[in-house]
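Here's the structure we're looking at; comments come further down.
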2 protein chains.
Amino acid sequence: MPEFLELHSKTSKLLRAAADAAVQRHGLRLGQDHLLAALWAEDGRTPGEIAASVNVTTPAVTKLATRLAEAGWLERRPDPRDNRLVRLWLTPAGRALQKPIETERQTLEDRVTATLTKTERAQLLKALTKINQVLLDGP
Amino acid sequence: MPEFLELHSKTSKLLRAAADAAVQRHGLRLGQDHLLAALWAEDGRTPGEIAASVNVTTPAVTKLATRLAEAGWLERRPDPRDNRLVRLWLTPAGRALQKPIETERQTLEDRVTATLTKTERAQLLKALTKINQVLLDGP
DNA sequence: TCGAGAACGTTAACCGGTAAATGATCTGAT
DNA sequence: ATCAGATCATTTACCGGTTAACGTTCTCGA
């Protein structure tokens, strides 16, 4: 397997495991924090809007929403004007998770980039941005 | 979300989608190619051995193996000495996939790193390696 | 020799993700 | 005013991954 792809996927896996562990300390599972983050940024959006903002399909959001609702972190409420729409609202408990989770993620970010110099870190971000761009531009 | 984690996970997603598309052109699904790659490197190993070499759990391998066997790319054969063991062997069809899939992956690697200079590419690999190491060393 | 414990692969239940099918509601042209 | 088509969220069925439970087979000490 090519060098970069191999290394990147290995890193992904480790990063995913680390993020999962961090988030589980607060009763969340990986992926759920992304949905919550979208709601911390802006409450009361529809599953479709949130899916688009998180780059995930709508069914993924509705399933996560169901679990987060069961856990008491958000609630579904119908849109008053358009009955097709559902709007997701944080509960106080869901809102209270913001700081701990953000701290957790920042700690992880700091830990994994700790052995990089400022320059290395900047170069890494630049390179990943370039790669991202190539992929977004399509084949 | 912190800068690097955000960027890395976005890249992962795009890379995953691109790799999936590439591999699907040959009738495979993402993940199956890793198992096959392990077999191209060395045939006749057990699910447990392969799982360890690919950094995946054993059940993941047995499920993949079932699907790949149904598709005719590998077969399960019992170990002649130890009846607890199963050994996975490539069929000619499975072996024939090696070159096309490897070409596909190399093409993707070349494409995504095309906009990087040699130096940038080397720095990227170095940085990712460092991050990998931090994660392997554990919390 | 034989039986308890270790070492296997598999199965089951779950999770996050996807695509495709479903069903309800809105919209706009006629 | 109506109805065909668009637009939603949800359900279903699948996939790769995980952990935990299960059943079979070896191994090795008493």
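The basis for the numbers below is simple: all heavy atoms, side chains too, and nothing from hydrogens, waters or symmetry mates. Since the structure is predicted, the reported quantities are computational estimates derived from the model, not experimental observations. Lettering of chains follows the sequences in order, A, B, ..., and the numbering in each one begins at 1.
For the helix from C/dT1-D/dA30 to C/dT30-D/dA1, the terminal axes (five pairs an end, C1' atoms, rotation from four pairs onto the next four) enclose an angle of 10°, given to 10 degrees.
Between B/Arg29 atom CZ and C/dT18 atom P the separation is 12 Å, expressed in whole Å. Separating the CD atom of A/Glu75 from the C1' atom of D/dA9 is a distance of 18 Å, rounded to the nearest angstrom. Per the geometry, CD belonging to B/Gln32 stands 13 Å off C1' belonging to D/dG17, to the nearest Å. Residue B/Leu30 contributes atom CG, which lies 10 Å from atom C1' of D/dC15 at whole-angstrom precision. Atoms CG (A/Leu85) and C1' (D/dC8) sit 6 Å apart, rounded to a whole Å. With rounding to whole Å, A/Glu70 atom CD is found 13 Å from C/dC15 atom C1'. With rounding to whole Å, B/Leu35 atom CG is found 13 Å from C/dG9 atom P. Distance, B/Arg16 CZ to C/dA19 P: 12 Å, rounded to whole Å.
Applying the side-chain contact (heavy atoms from CB on, under 4.5 Å) test to B/Arg25 and every residue at least two apart in sequence or in another chain returns B/Ala22, B/Glu104.
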Where do N or O atoms of nucleotides 22-26 of chain C meet protein N or O atoms at under 3.5 Å, pair by pair?
| residue | atom | partner | partner atom | Å |
| --- | --- | --- | --- | --- |
| C/dC26 | OP1 | A/Asn83 | N | 2.8 |
| C/dC26 | OP1 | A/Asn83 | ND2 | 3.4 |

Please tabulate, for the side chains in residues 50-65 of chain B, all donor-acceptor contacts under 3.5 angstrom to protein atoms that are two or more places apart in sequence or on a different chain.
| residue | atom | partner | partner atom | Å |
| --- | --- | --- | --- | --- |
| B/Ser53 | OG | B/Ile50 | O | 3.0 |
| B/Thr62 | OG1 | B/Pro59 | O | 3.0 |

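Within the 3.5 Å criterion, the main-chain N or O of B/Pro92 finds no donor-acceptor partner in the side chain of B/Trp73. Checked by atom type and distance alone, the side chain of B/Asp33 pairs as donor or acceptor with a backbone atom of B/Gly31 at under 3.5 Å. In this structure, the side chain of B/Arg45 engages the main chain of B/Ala38 through a donor-acceptor pair within 3.5 Å.
No salt bridge links A/Asp79 with A/Arg84; every basic N to acidic carboxylate O contact stays at or beyond 4.0 Å.
Heavy-atom distances under 4.0 Å link DNA chain D to no residue of residues 4-14 of chain B. A heavy atom closer than 4.0 Å to some atom of DNA chain D occurs in B/Val56, B/Thr57, B/Pro59, B/Ala60, B/Lys63, B/Leu64, B/Arg67, these being the qualifying members of residues 42-69 of chain B.
Minimum heavy-atom separation, B/Thr115 to B/Glu120: O-OE1, 3.9 Å. Here the closest heavy-atom approach between residue A/Thr91 and residue A/Glu75 is recorded as CG2-CG, 3.9 Å. Residues B/Ala93 and B/Gly72 share a closest heavy-atom pair of CB-O, 3.8 Å. B/Thr11 and A/Leu135 get closest at one heavy-atom pair: O-CD1, 4.4 Å.
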**Asked** Is there a side-chain hydrogen bond (donor to acceptor under 3.5 Å, both in side chains) between B/Arg76 and B/Thr66 once you walk through the steps?
**Response** CA-CA 9 Å; B/Arg76 285 182 163 93; B/Thr66 299; 3.1 Å; yes
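Using a 4.0 Å heavy-atom distance criterion, A/Arg76 is classed as a sugar-phosphate-only contact.
The closest side-chain heavy-atom distance from B/Leu7 to A/Leu125 is below 4.5 Å. Taking the side chain as every heavy atom from C-beta outward, B/Arg87 and B/Trp89 approach each other to under 4.5 Å.
Under the side-chain hydrogen bond (donor to acceptor under 3.5 Å, both in side chains) test applied with B/Glu102, the options B/Gln98, B/Lys99, B/Arg105 reduce to a single match, B/Gln98.
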